Amino acid sequence: MAQKNQWWLVIIALTCTYFIWGSTYLFIKYAIESFPPFVMVGIRFTIAGALLYGILRSMGHAAPTLVQWRGAAWVGLLLPVLGNGTVSNVQLHVSSSVAALSIATAPIWMAVFSSLWGHKISRREWLGIGIGLVGILLLNTRGSLQGDWLSAGLLMFAAASWSLGSVWSKHMAMPSGLMGAASQMLCGGLISFLFSVAFDEHLPSHISTQSWAAIGFLIVPGSMITFSAYHWLLHHVRPLVASSNTFVNPVVAFVVGVWFANEHIHVMEYIALAVILVGVFLVLTSTTEAVPEEQIV
């Protein structure tokens, strides 16, 4: 638990995870106006991971072992590449707020994948999973994704990939603390460049100032700072408090998308958001285990 004289650090850290992560969806939208999705993900996570890795090594942190690098590569594939990279690709066709709403289902997928490692899903969790699936159904049949089953399926795949990587990372050799985040981001960024080649992506002849600014935001506040803030929260407050960004990020993405990008939200999408968040709340409050460190941004 956080000490009384650390309350202001808790507020600062929560503010980072609430508002920075919630706004990253809009900055992804701005970044992919110039950069192809996997190129953007590669630049974002390679630079963020390399900078954080260099800072930690200069502070005396041990370098990951070969086995730990292998674990970081698997998590890097599932989180930054298949998770964030897929979302970035779908955002070529859907609004940032709708993408954030779909990814809000990640805690539900985490509960499902945790069962593969012996976690027994409680009745409360099953109820939350069921309610969350109803919210997904509402989103995919009555909102902006109506009829676009490919985008809807890819967003669910992204949420599931991120969740599987988050759960699996707890059961494989991984560097401790922020070195784990640095190695995962670095590996994920490099793997994303391989995906970029496979999908025949090319840098455009002109990159807008807005896209460069978005990349800068995604690298420093969107990756390095917020990962550090979340890591600190996990060690100083209750897990539910640390992971409360799960509830807030979709709301922030909605507000930011509407105010700054003139995105239009259907009434059914507000209803779907409320239904999904009820399901997520039931899942998160049914267990005393800490939520995995990685959350989708």
Side-chain angles (χ1 to χ4, degrees), residues 12-32 34-59 61 64 72-73 75-89 91 96 99-100 103 106 158 161-162 165-166 169 174-175 177-193 195-196 210-234 242-243 245-246 248-249 252-253 256 291-297:
I12 293 174
L14 286 175
T15 299
C16 290
T17 60
Y18 285 0
F19 297 101
I20 294 178
W21 267 346
S23 60
T24 52
Y25 294 92
L26 181 60
F27 282 94
I28 289 173
K29 176 180 179 177
Y30 290 151
I32 60 178
S34 297
F35 294 96
F38 283 114
V39 170
M40 183 276 293
V41 172
I43 294 173
R44 172 187 177 182
F45 287 103
T46 300
I47 295 178
L51 288 175
L52 185 56
Y53 181 86
I55 292 172
L56 293 174
R57 290 289 288 140
S58 68
M59 295 173 61
H61 291 256
V75 177
L77 170 64
L78 287 167
L79 272 65
V81 182
L82 298 183
N84 193 272
T86 301
V87 171
S88 301
N89 272 276
Q91 281 194 230
S96 60
I103 300 304
S161 297
W162 188 277
S166 297
S169 68
M174 195 70 59
L178 290 179
M179 184 58 78
S183 59
Q184 291 165 16
M185 287 191 294
L186 182 56
C187 289
L190 294 174
I191 294 172
S192 186
F193 283 127
F195 272 65
S196 163
Q210 179 172 263
S211 291
W212 278 121
I215 284 284
F217 180 91
L218 291 170
I219 291 172
V220 182
S223 298
M224 296 177 65
I225 293 177
T226 311
F227 267 96
S228 300
Y230 188 71
H231 175 79
W232 185 89
L233 285 168
L234 284 173
S243 62
N245 66 286
T246 302
V248 181
N249 287 167
V252 173
V256 170
V291 174
E293 290 187 24
E294 299 87 354
Q295 296 289 334
I296 192 160
V297 292

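Bear in mind the structure is a predicted one, so any value in this text is a computation, not a measurement.
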Spatial distance of atom CD1 (I32) from atom CG (N89) [nearest 0.5 Å]: 8.0 Å
Quick one: CE on M179 to CE on M59, what's the gap to the nearest 0.5 Å? 10.0 Å
Checking R44, K29, M40 against S88 for side chain to side chain contact (heavy atoms under 4.5 Å, CB included), the one that qualifies is M40
Testing Y18, F19, W21 one by one against T226 for a side chain to side chain contact (heavy atoms under 4.5 Å, CB included), which residue passes? W21
Any idea which heavy atoms bring G180 and M174 closest together, and the distance? CA-CG, 4.5 Å
Which atom names give the shortest non-hydrogen contact between V252 and S23, and what distance separates them? CG1-N, 4.0 Å
Can you give me the closest heavy-atom contact between G83 and W162, atom names plus distance? CA-CE3, 4.3 Å
Keeping the roles fixed (side chain from S223, backbone from V220), state whether a donor-acceptor pair exists under 3.5 Å. no
Residue pair C16 / I225, side-chain heavy-atom distance below 4.5 Å: yes
Output for pair (L190 CG, T46 OG1), nearest 0.5 Å, gives 4.5 Å
So do F193 and I43 actually touch side chain to side chain, heavy atoms under 4.5 Å? yes
Can you tell me how far the OH atom of Y30 sits from the OG1 atom of T24, to the nearest 0.5 Å? 13.0 Å
Check S211 against A31 and note the closest heavy-atom contact, atom names and distance. OG-O, 3.6 Å
Out of V75, V81, L82, which residue meets the side chain to side chain contact (heavy atoms under 4.5 Å, CB included) rule with L79? V75
Do you know which two heavy atoms are closest between S192 and G42, and how far apart they sit? OG-N, 3.4 Å
Rounded to the nearest 0.5 Å, what separation is found between the CG atom of L218 and the CZ atom of F35? 10.5 Å
Under the ring-ring contact (aromatic ring centres under 6.0 Å, His included) test, residues paired with F217 that sit two or more places apart: F27
Rounded to the nearest 0.5 Å, what separation is found between the CD1 atom of I219 and the CZ atom of F45? 10.0 Å
Shortest non-hydrogen pair, P221 vs I20, comes out as O-CG2, 3.4 Å
